[in-house]
Amino acid sequence: MKKTLILSSLLILTVLPGHSAIKWWEQDTICRLDPSNCYTAMGMGFEPEYWDQTSECWGQKIICAAAQTPASSENKAMTKKDITARKNISNDYDITALNGDCFGVRKTSSNGSMATYNGKSVKVFCKNILENIFQNDEIESLTNGSILLRNTEPTCQELAAQEYINVKDKNCYGKKYSQSTYYIDCETSDSPRLIIHNNADYTAPQGDAPKTIADAERIFNTMYDTAKSLR
């Protein structure tokens, strides 16, 4: 037993020098785990325990699913290099802005009345307008209202059916005009016209209504002259 122990000790002494020909303090380099962080502060929106291989530091930034391209169903932690290059990140989103537990907020302008969709500025419609009209379309809610996630904006006819016109109302679009007081004319090529009813009965028989524009103009001129004489 004693001989075995002595032999084992001799083998260890013999083998060790072979594996450590140079003393460790005489080595040219030494490896040490880098304790530095990619970001000075990592709270909500970061994965501090993820190693960023390209930047050689701890911590990755979480990009929201909607801000990714193609759009994903899950948020994703990404390296600083990929984020700087905007790899698989949509240009429609501001990835410096925190959105809950991830980064990526749709870009807006004009005090939030315009938003960026597919690289273009689209109007933000006031709350509940699009939701009530376009129940079969995809809609995204923003701070001031909503946008339609499609390449065409609401038509005059679509909005007029719910008593709205496509004009700005404070910091969103879609102003309501009651059909009991106004008629929204969408036949013009430019912006819609509002025709005031003036308490006229539009449910009455229209048999004696003017048949031509000239007839209508003569009636309008008479009405205008009457209004002037009453001033």
Side-chain angles (χ1 to χ4, degrees), residues 31-154 158-159 162 164-176:
C31 295
R32 179 190 294 176
L33 185 64
D34 187 353
S36 64
N37 295 325
C38 283
Y39 304 94
T40 55
M42 287 183 283
M44 193 72 74
F46 292 92
E47 288 286 2
E49 297 181 359
Y50 280 28
W51 177 252
D52 188 330
Q53 184 68 35
T54 55
S55 298
E56 297 184 346
C57 52
W58 289 103
Q60 291 189 20
K61 194 173 181 179
I62 304 173
I63 302 301
C64 296
Q68 299 172 40
T69 178
S72 174
S73 59
E74 296 181 355
N75 301 335
K76 181 181 180 181
M78 300 180 67
T79 65
K80 295 185 75 173
K81 181 180 179 180
D82 287 347
I83 291 174
T84 301
R86 294 194 75 96
K87 183 179 179 180
N88 298 327
I89 298 176
S90 171
N91 287 320
D92 292 349
Y93 288 81
D94 177 5
I95 54 174
T96 66
L98 187 63
N99 185 4
D101 58 355
C102 58
F103 285 88
V105 175
R106 187 176 292 278
K107 295 176 182 176
T108 58
S109 58
S110 302
N111 293 324
S113 63
M114 302 293 292
T116 304
Y117 175 70
N118 280 350
K120 297 180 180 179
S121 289
V122 298
K123 293 175 180 176
V124 176
F125 285 85
C126 301
K127 294 182 185 299
N128 298 322
I129 294 179
L130 300 181
E131 288 81 354
N132 291 336
I133 301 175
F134 303 96
Q135 298 178 2
N136 295 325
D137 287 275
E138 192 174 356
I139 297 169
E140 182 178 315
S141 296
L142 302 175
T143 301
N144 293 347
S146 307
I147 61 171
L148 271 177
L149 299 183
R150 70 182 195 187
N151 290 321
T152 56
E153 291 199 346
E158 289 171 330
L159 293 169
Q162 297 294 326
Y164 289 99
I165 63 173
N166 191 350
V167 297
K168 195 172 183 180
D169 187 12
K170 296 181 181 178
N171 55 6
C172 55
Y173 283 81
K175 200 160 187 176
K176 192 173 182 69

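Side-chain atoms are counted along with the backbone in the values below, which use heavy atoms only and exclude waters and symmetry mates.
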Could you give the distance from [atom1] ([X]) to [atom2] ([Y]), rounded to the nearest 0.5 Å?
{"X": "Ile147", "Y": "Met114", "atom1": "CD1", "atom2": "CE", "answer": "10.5 Å"}
{"X": "Glu158", "Y": "Glu153", "atom1": "CD", "atom2": "CD", "answer": "11.0 Å"}
{"X": "Lys81", "Y": "Ile83", "atom1": "NZ", "atom2": "CD1", "answer": "13.5 Å"}
{"X": "Phe125", "Y": "Ser113", "atom1": "CZ", "atom2": "OG", "answer": "11.0 Å"}
{"X": "Asn144", "Y": "Asp169", "atom1": "CG", "atom2": "CG", "answer": "11.5 Å"}
{"X": "Ile63", "Y": "Asn88", "atom1": "CD1", "atom2": "CG", "answer": "11.0 Å"}

Can you name the closest pair of heavy atoms from [X] and [Y] and give their distance?
{"X": "Glu49", "Y": "Trp58", "value": "O-CZ3, 3.3 Å"}
{"X": "Cys57", "Y": "Asn37", "value": "CB-C, 3.8 Å"}
{"X": "Thr69", "Y": "Ser90", "value": "CG2-N, 3.8 Å"}
{"X": "Ala65", "Y": "Ser73", "value": "CB-C, 3.9 Å"}
{"X": "Asn128", "Y": "Asn132", "value": "O-ND2, 2.8 Å"}
{"X": "Gly59", "Y": "Asp52", "value": "O-CB, 4.0 Å"}

Given side chains that start at C-beta, do those of [X] and [Y] come closer than 4.5 Å, heavy atoms only?
{"X": "Glu47", "Y": "Ile62", "result": "yes"}
{"X": "Trp51", "Y": "Glu56", "result": "yes"}
{"X": "Asn91", "Y": "Arg86", "result": "yes"}
{"X": "Ile129", "Y": "Leu159", "result": "yes"}
{"X": "Leu148", "Y": "Ile139", "result": "yes"}
{"X": "Pro154", "Y": "Asn166", "result": "no"}

Assess whether a salt bridge exists between Asp137 and Arg150, defined as any Lys/Arg side-chain N lying under 4.0 Å from an Asp/Glu carboxylate O. yes

Checking Lys176 now: which residues fulfil side-chain hydrogen bond (donor to acceptor under 3.5 Å, both in side chains) with it, not counting sequence neighbours? Glu163

Inter- and intrachain pairs under salt bridge (Lys or Arg N to Asp or Glu O under 4.0 Å), touching residues 114-134, at least two apart: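 Counting only pairs at least two positions apart or across chains, no salt bridge (Lys or Arg N to Asp or Glu O under 4.0 Å) contact touches residues 114-134.
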
Among residues two or more places apart or on two chains, list those pairs meeting salt bridge (Lys or Arg N to Asp or Glu O under 4.0 Å) that have a residue in residues 93-109. Asp92-Arg106, Arg106-Glu140

Would you mind listing every ring-ring contact (aromatic ring centres under 6.0 Å, His included) that reaches into residues 68-110, with sequence neighbours excluded?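 Those involving residues 68-110 are Phe46-Phe103.
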
Could you list all the disulfide bond (SG atoms under 2.5 Å apart) pairs where at least one residue sits in residues 100-134, not counting sequence neighbours? Cys64-Cys102, Cys126-Cys172

Set of ring pair (Phe, Tyr, Trp, His ring centres under 6.0 Å) partners for Phe134, sequence neighbours left out: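 Expected list: none.
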
